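Nothing fancy with the numbering, it's 1 onward along the sequence. Nothing here was measured: the structure is a model prediction, and the numbers come from that model.
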Amino acid sequence: MEVIRSFAQLTRHLETLQVRKRVVVVCPQDPHTDYALNRAVEKGFAELILISNPAAWRRFRVVRDYPEHVRTLSVKDPDEAARQAVGVVKAGQADILMKGIINTDNLLHAILDHEKGLLPKGKILTHLAVMETPTYEKLLFFSDAAVIPRPTLQQRIEMIWYAIHTCREFGIRRPRIALIHCTEKVSAKFPHSLDYVNIVELAEGGEFGDVIIDGPLDVRTACEAVSGDIKGIVSPINGKADVLIFPNIESANAFYKSVSLFARAEMAGVLQGPVCPVVLPSRSDSGLSKYYSLAMACLTTPSWK
């Protein structure tokens, strides 16, 4: 498989597969979600189950334009919509769950329900984003900007496994994973930098298979070879990172918001860990970002299946 290096290449690849993934969408009545769903159905890689209140359907373009690829379920409130969507996945009737205009906490409450939810015992819930910007030669994945406040060592290891699996589905056979810090120095003042030492040792011992992992590195050193040369830092990442693993949610989220605002980066992201990919955009994300997130989910399968 050819390496997917842009969102345009991703959507073209999905079109060539000629497979429609079944997507159940919770409260999809905002125009940005409508745009994303309409475009995914038009391009031939999605069919939909939409769950919301009955008043929403007459405003929804995808319902009018593609009735043969859309089924609607009417409910009274968002919490019931979330529960029904989880039930649809559990019954094997959908491959992907997508958030519309529902509050994230309400949706996660249904996904994480111990008896009826979608997260298998022993699995962690984490968020993997991917960005495309004109200043970088390929897609850049990063984690976790949305779910885990301060990952433990074991959570970081799971995050890395999810990222490796997703990279390989994008055709990246030997992912370069940078463990991000504000400096390249290990210090007990920053416990995550000590975790990085352990992770690098595991990688060097073959724990993660054919992958390059190094850190601590700062973002610029991880993504620009000349910065490492100037600093005299020798790293196998060599300024060509495919994945950035951030120390905490504050740094990852600030990175996410900064590059999308100031660098005009296009973004996509999914939740990983549940029995199916979960598209969990911000309610303020653009229609294009939601479309790319759905495309990412259509290419992604749970790493443990």
Side-chain angles (χ1 to χ4, degrees), residues 1-26 28 32-50 61-63 65-71 85 88-100 118 127-132 137-141 143 161-175 209-211 242-243 266-281 285-305:
M1 175 182 171
E2 185 180 1
V3 176
I4 294 172
R5 305 175 72 88
S6 69
F7 288 130
Q9 191 178 354
L10 167 62
T11 55
R12 286 197 302 269
H13 175 71
L14 290 172
E15 289 180 69
T16 64
L17 296 178
Q18 297 185 330
V19 174
R20 289 186 183 270
K21 292 292 183 78
R22 301 168 300 169
V23 186
V24 58
V25 193
V26 183
H32 289 167
T33 300
D34 187 14
Y35 168 86
L37 298 178
N38 203 79
R39 191 165 175 184
V41 173
E42 178 188 10
K43 294 297 184 181
F45 58 82
E47 60 183 31
L48 310 174
I49 302 171
L50 309 180
R61 185 162 52 104
V62 72
V63 176
D65 292 354
Y66 299 101
E68 70 276 21
H69 296 300
V70 179
R71 180 158 63 99
V88 167
V89 173
K90 294 274 282 188
Q93 297 172 4
D95 308 299
I96 296 164
L97 191 153
M98 183 173 180
K99 169 181 175 283
L118 300 179
H127 184 265
L128 181 67
V130 60
M131 60 175 270
E132 179 184 345
E137 63 182 2
K138 56 186 176 180
L139 294 174
L140 182 62
F141 297 84
S143 188
W161 271 118
Y162 289 141
I164 291 170
H165 176 76
T166 302
C167 281
R168 289 188 174 139
E169 291 191 318
F170 276 69
I172 305 167
R173 304 321 309 167
R174 197 181 193 202
D210 190 11
V211 62
D242 296 297
V243 181
E266 299 292 352
M267 289 287 186
V270 298
L271 288 183
Q272 297 187 314
V275 298
C276 73
V278 176
V279 180
L280 193 79
D285 278 351
S286 69
L288 195 58
S289 175
K290 294 184 179 187
Y291 170 63
Y292 290 147
S293 294
L294 181 53
M296 179 184 180
C298 286
L299 190 66
T300 304
T301 57
S303 61
W304 42 270
K305 277 197 172 182

Can you establish whether the number of heavy atoms outside E68 located under 6.0 Å from its atom CD is more than 12? yes
Which of L50, L48, V62 passes side-chain contact (heavy atoms from CB on, under 4.5 Å) with P28? Answer is L50
For the side chain of Q93 and the backbone of V24, is there at least one donor-acceptor N/O pair under 3.5 Å apart? no
Closest contact, heavy atoms only, T300 versus E169: CA-OE1, 3.0 Å
Donor-acceptor pair, S143 side chain versus H127 backbone, under 3.5 Å? yes
Decide yes or no for L17 and F45: does some side-chain heavy atom of the first lie under 4.5 Å from some side-chain heavy atom of the second? no
Carboxylate-amine/guanidinium contact D285 K290, below 4.0 Å: no
Given side-chain contact (heavy atoms from CB on, under 4.5 Å), test K99 with V279 step by step and report yes or no. CA-CA 6 Å; K99 169 181 175 283; V279 180; over 6 Å; no
Can you tell me if S289 uses its side chain to pair, donor with acceptor, with the backbone of M267 under 3.5 Å? yes
Examine distances only and state if a side-chain atom of R22 and a backbone atom of G92 form a donor-acceptor pair shorter than 3.5 Å. yes
Under 3.5 Å, side chain of E132 to main-chain N/O of F7, donor-acceptor pair present? yes
How close do C276 and V89 get, heavy atom to heavy atom, and via which atoms? SG-CG1, 3.8 Å
Step-by-step side-chain contact (heavy atoms from CB on, under 4.5 Å) determination, R20 to V41: CA-CA 8 Å; R20 289 186 183 270; V41 173; 3.8 Å; yes
Side-chain (H165) to main-chain (T301) donor-acceptor, under 3.5 angstrom: yes
Determine the minimum heavy-atom distance between P277 and A297, stating which atoms define it. CG-O, 3.8 Å
Backbone N/O of H13 and side chain of T16: donor-acceptor pair under 3.5 Å: yes
Quick one: do R173 and D210 make a salt bridge, cutoff under 4.0 Å? no
What pair of heavy atoms forms the shortest contact from C167 to D242, and how long is it? SG-CB, 4.5 Å
Where is the tightest heavy-atom contact between I172 and R168, given as atom of each residue plus distance? O-CG, 3.3 Å
Side chains of F141 and V130: does their closest heavy-atom pair fall under 4.5 Å? yes
If you apply the rule salt bridge (charged side-chain N to carboxylate O under 4.0 Å, His left out), what do you find for D95 with K21, and how did you get there? CA-CA 6 Å; D95 308 299; K21 292 292 183 78; 6.0 Å; no
